[in-house]
Amino acid sequence: ACEGCHRLMDPIGLALEGYDHTGRVRTDEHGRPLDTTGSIVDFAGADVPLAGAADLARALAASPAVADCVVRQALQFYLARVDDAADACAVEDAVSALDASGGDFAAALTALLASDVVAFRKGEPAP
């Protein structure tokens, strides 16, 4: 029952083996060299081989789906609610700003915070 998820997660985790539980770089475990090769299974229609965490970061940074997800998560954080169809333009503008800036997340946040969705956000009525 666990194999389906582990088939997807474990190869990504192998790319992160070069770090210990506190985030320090490591090259071995109990004197044995680490294998930090892995893959992202079925990512945008293909398996992406990884030789370590830097490859994982590059693959995620190049993904339009990841950019959209990160922007949506930021918007949901600022709005304190799940985004909906009315938020689509703000998300699209922020993703465009992210792309135009070469991946500068500050540009995406600036676009989100300048959007009408955030400026005129819907919320719970005051008690």
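Position 1 is the first residue of the sequence, and the numbers go up from there.
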Nearest heavy-atom contact between V91 and D68 is CG1-OD1, 3.4 Å

Q) Do side-chain atoms of S39 reach the backbone of V41 as a donor and acceptor pair under 3.5 angstrom? A) no

Separation between CG (L109) and OH (Y78), nearest 0.5 Å, reads 4.5 Å

One should read off an interatomic distance between E3 CD and D10 CG, to the nearest 0.5 angstrom, of 9.5 Å

When rounded to the nearest 0.5 Å, the distance separating SG of C2 from CE of M9 is 8.5 Å

*Less than 4.0 Å between a side-chain N and a carboxylate O, is that true for D20 and R26?*
no

On a heavy-atom basis, the closest approach of A53 and L16 is CB-CD2, 3.9 Å

### Message
Is it the case that over 12 heavy atoms from other parts of the model lie below 6.0 angstrom from the CD atom of E92?
### Response
no

In this structure, CG of L50 is separated from CD1 of I40 (nearest 0.5 Å) by 5.0 Å

(Q) Counting C-beta onward and ignoring hydrogens, is there a side-chain heavy-atom pair between L98 and S96 closer than 4.5 Å? (A) no

Yes or no on side-chain contact (heavy atoms from CB on, under 4.5 Å) for V48 and D55, after CA distance, side-chain angles and deciding distance? CA-CA 9 Å; V48 177; D55 283 352; over 6 Å; no

Please say yes or no: joined through hydrophobic side-chain contacts below 4.5 Å, possibly via intermediate residues, are V82 and F120 part of one cluster? no

Scanning both residues in full, the closest heavy-atom pair of A86 with V117 reads O-CG2, 3.9 Å

**Asked** Would a 4.5 Å heavy-atom cut-off, applied to side chains only, mark T27 and L34 as touching?
**Response** no

In this structure, OG1 of T37 is separated from CD of E17 (nearest 0.5 Å) by 10.5 Å

Distance col, row T110:OG1 vs D93:CG, nearest 0.5 angstrom, shows 13.0 Å

Correct closest heavy-atom pair for T36 and G18 would be CG2-N, 3.6 Å

Are I12 and Y19 linked, directly or through intermediate hydrophobic residues, by side-chain heavy-atom contacts shorter than 4.5 Å (ILVMFWY only)?
no

Report task. Flag the pair D35 / L14 as yes when at least one side-chain heavy-atom distance between them is below 4.5 Å, and no otherwise. Result -> no

**Backbone of D84 reached by a side-chain donor or acceptor of D87 within 3.5 Å** = yes

Q.
Side chains of F43 and L8, heavy atoms from C-beta outward: is any pair under 4.5 Å?
A. no

